[in-house]
Amino acid sequence: MVIDVETRSSLNLKKTGAPRYAEHPSTQVMTAAFVDDDGSNPRVWVNPLFRKYTTRQCVDELPMRQPMWAHNVSFDGLFLDPVNPNYANWHDTEALCLAAALPAKLEHVADVLKLPVQKDMVGHAITLNISKGGPITTEKFEKLIDYNIDDVRTTACLLQTLKPLGWAEHELFATHLRINARGILVDTELLQALHTFALRGKEDAGTTLVEKTNGAVQPSDMTRVAYIKKWLAVKKGVRVSSLNKQAVDDLLADPFIDEQVEAVLHARQSFSKSSLAKFDAIRERMSSDCRLRQQLKYHAARPGRWGGRGVQLQNLPRPTKGLDQGKLVQAALDWDYDLFKQLSKGKPLLGAASCLRGTLVPSPGKAFFVGDYASIEARIVLWFAKCKLGLQQYREGRDLYLEMAAKIFGGSPKDYSKDSFERSLGKEATLGCGFGMGHVRFRDTCATKGIIVTEELARRAVNAYRTTYFEVQQFWNRMQSWWQEGKGAFTDTGRYRQCTLPSGRKITYWDVARESSWNTNAQGQWVENRIHGPLLTENVTQAAARDVMAAAIMRIEAAGFKVVLTVHDEIIAEGDPSWDVKEFERLMSIVPDWLVGCPIAVEAWKGMRYKK
């Protein structure tokens, strides 16, 4: 059965997310249209509260707890299988699209695939208006029903066009749904204290701004970028091309910064929209039991890795170096603003941001078990390239960042400390140069992390990586050759080309040419991309890393842990506080049969608050 529900609510679905939207008392299912898997036998259920707007023959009961296909089943399933759901029965054409590197939105994928049934965009506009509380007439409601039926027909047509996920991947998808439904608990007391302190910090920054500049710059000026640039240049001789976050951070890092300039930049930092956005997003999307749900996106990009949605927990700010997160959290829980400000070195917004991860806590009676794959992409790319030196260095437990520092600057790895600039640059080269990054981009990437290097030094770093691990560059060339010839790991089928991974999973490229293919970009647009060996290497490396993590998630769940979130290469799970974190680490560290010889390493910890 293919099904689609249409709802109406006083809440804004995009702001609150589906879980909070579904539980709200104002939210109602108006209609549900469903067809057989081949698109035949259309039926519609209409909520008795809305039947006065139609004379159509409707089915009497809403089909509940049945195997179903939907486009974004995470939404429809909340209404059709809300109590103890059987996620093995939930199937999603949106998931099929994402796994095939196609657009997620039904109207976009229907257009790309030129389906015989397309989404009704006029009906969509009418339905959207009604769903947000707009006036209902019989004429509008009939068009809503027509739209609802057309949607399931389009979904059914899509289902007949795309390949299924396969048993193992569907099991993983069901686990993904379970993790998203489980959600992660928020310490609302800490969240409230941090939000309050952040707001007070914003007020303090405004007061300091006016005092330090003698009123020349006001809090209301903080959104006037041109004015701030002009004031900095004319009054203080500081010329800047940008006032984005990185530019402001770089200027504030100057130990000899003028106090007036510091006040202006600190205020700019404090008054930026992003400074308090995470607090608002968490509060808007929390369910009534204080859990954040559906925060993970399945198959966020072609390689298949998970991404963030909603609050974007993958992008929580990192704690500021030199701040004690534990003491800051305790000061916040004690509602001691003066101590909090002192511990934040006079910048309570930075202190609040540093503690934001700590608002995520395990369920009562449980502890967090958190494991992070160490440099997994750097290891896997060396494994693909059969790079003996790099793999041996990892197996021996050597510090590759110090090894690379010695290659860049000369001497021995022992000549440099763990906190040295040289090791930081060695780290960036080791982690960043495996996918063809040139020296200009390397320099710019380092700059975003506060590592300032000359063009010549950037060139030396890139060349050091490529000569030390020369097999990686050879692998880029091999992938490029395979792509151009349609051989090796690549096979062509109709409009698309697939690359078979060591795990057996396939990643897909559409409408391929000798040096290009089409796919969906970050904005959901269908665009042509240049294809080259380093990009293909990045794709297969990230895909293999994803398959390692996916297998680990399934093992962890089978062992009794409950995964609540993933963040990049990190798995966060709940378990009994008495359980051994080393067992959790072991479960994550198991090397799959298809990756034998790759020195996978995991660093795990157990605690009562999420941290970095």
Side-chain angles (χ1 to χ4, degrees), residues 4 12-15 17-18 70-75 92-125 127-128 147 150-151 154-155 157-159 161-163 165 244 273-274 277 281 294-312 314-315 435-437 441 444-445 483 492-499 506-532 534-540 542-543 546 568:
D4 177 59
N12 184 325
L13 177 58
K14 287 187 176 180
K15 283 190 175 182
H71 198 79
N72 186 13
V73 75
S74 295
F75 179 78
D92 197 343
T93 50
E94 183 183 70
L96 300 187
C97 292
L98 293 169
L102 286 164
K105 287 191 174 182
L106 187 59
E107 60 268 30
H108 293 164
V109 70
D111 179 56
V112 167
L113 295 178
K114 306 303 179 189
L115 297 181
V117 183
Q118 296 284 316
K119 189 176 177 78
D120 173 12
M121 298 310 295
V122 174
H124 172 72
T127 301
L128 190 63
Y147 166 77
D150 281 347
D151 246 20
T154 305
T155 302
C157 188
L158 182 61
L159 172 61
T161 303
L162 297 178
K163 289 186 176 182
L165 289 178
N244 62 19
K273 290 182 180 179
S274 61
Q294 293 195 14
Q295 295 302 302
L296 289 175
K297 182 178 180 181
Y298 172 77
H299 240 287
R302 180 166 20 221
R305 306 193 83 171
W306 283 271
R309 63 193 298 185
V311 176
Q312 296 290 341
Q314 277 74 7
N315 297 330
F435 307 132
M437 185 185 294
R441 185 177 169 198
D444 295 343
T445 300
W483 172 269
D492 290 350
T493 306
R495 281 184 63 183
Y496 58 85
R497 174 174 293 173
Q498 290 187 310
C499 177
K506 300 177 189 294
I507 51 179
T508 305
Y509 302 82
W510 288 85
D511 298 330
V512 301
R514 184 173 175 82
E515 294 184 353
S516 68
S517 78
W518 288 72
N519 78 316
T520 309
N521 66 10
Q523 290 73 44
Q525 299 165 321
W526 189 244
V527 294
E528 187 175 19
N529 283 337
R530 176 175 168 258
I531 295 293
H532 49 90
L535 175 63
L536 296 168
T537 300
E538 182 178 32
N539 286 173
V540 297
Q542 291 183 347
R546 178 267 196 187
H568 304 304

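Bear in mind that the values here come from a model prediction, so they are computed numbers and not experimental data. One-based numbering along the sequence shown.
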Could you work out, with salt bridge (Lys or Arg N to Asp or Glu O under 4.0 Å) as the rule, every residue matching Arg497, not counting sequence neighbours? Asp492
Measuring from Arg302:CZ to Asn529:CG, what's the distance to the nearest 0.5 Å? 6.5 Å
Flag side-chain contact, heavy atom, 4.5 Å: Leu162 against Leu102: yes
Do Thr154 and Asp120 touch side chain to side chain, with heavy atoms closer than 4.5 Å? no
Take the angle between the ring planes of Trp510 and Trp526 and call it parallel below 30°, perpendicular above 60°, tilted in between. perpendicular
May I ask you to test the Leu159-Leu96 pair for a side-chain heavy-atom distance under 4.5 Å? yes
Atom pair CZ (Arg514) and CD1 (Ile531), whose distance is rounded to the nearest 0.5 Å: 13.5 Å
Show the nearest heavy-atom pair for residues Leu158 and Cys97, with the distance to one decimal. CD2-SG, 3.7 Å
Qualifying side chain to side chain donor-acceptor pair (under 3.5 Å) pairs, either residue in residues 93-109, two or more places apart: His71-Thr93
Compare every heavy atom of Arg309 with every heavy atom of Gln295, then report the nearest pair and how far apart it is. OE1-O, 2.9 Å
Applying side-chain contact (heavy atoms from CB on, under 4.5 Å) to Asp4 and Thr155, what does each step give before you reach the verdict? CA-CA 9 Å; Asp4 177 59; Thr155 302; 5.9 Å; no
Is the number of heavy atoms from other residues, nucleotides or ligands under 6.0 Å of Arg495 CZ greater than 12? yes
Between the side chain of Gln294 and the main-chain N/O of Ser74, is any donor-acceptor distance below 3.5 Å? yes
I'd like to know if the side chain of Asp92 and the backbone of Asn72 have a donor-acceptor N/O pair within less than 3.5 Å. yes
Side-chain donor/acceptor of Arg530 to backbone N/O of Glu515, under 3.5 Å: no
What pairs with Lys114 under salt bridge (Lys or Arg N to Asp or Glu O under 4.0 Å), at least two apart in sequence or on another chain? Asp111
Output the distance between atom CG (Leu106) and atom CD (Gln118), rounded to the nearest 0.5 Å. 9.0 Å
Sequence neighbours left out, what passes salt bridge (Lys or Arg N to Asp or Glu O under 4.0 Å) with Lys119? Give chain and number order. Asp151
Go through the steps for Val117 and Asp150 under the test side-chain contact (heavy atoms from CB on, under 4.5 Å), then give the verdict. CA-CA 8 Å; Val117 183; Asp150 281 347; 5.6 Å; no
Can a donor-acceptor pair be found, under 3.5 Å and without considering hydrogens, that links the side chain of His568 to the backbone of Gln314? yes
Which heavy atom of Glu528 sits nearest a heavy atom of Ser516, and at what distance? OE2-OG, 2.9 Å
Contacts of Asn315 meeting side-chain hydrogen bond (donor to acceptor under 3.5 Å, both in side chains) (sequence neighbours excluded), chain-then-number -> none
Distance-only, no hydrogens or angles: does the Gln312 side chain make a donor-acceptor pair with backbone N or O of Gly308 under 3.5 Å? yes
Between Ala99 and Leu165, what is the shortest heavy-atom contact and its length? CB-CD2, 3.7 Å
Trp483: side-chain hydrogen bond (donor to acceptor under 3.5 Å, both in side chains) partners, not counting sequence neighbours: none
Using distance alone, with no hydrogens and no angle criterion, decide if Tyr509 and Asn539 have a side-chain donor and acceptor under 3.5 Å apart. yes
Correct closest heavy-atom pair for Val109 and Pro103 would be CB-O, 3.5 Å
Are Cys499 and Leu536 side-chain neighbours, meaning at least one heavy-atom pair lies under 4.5 Å? no
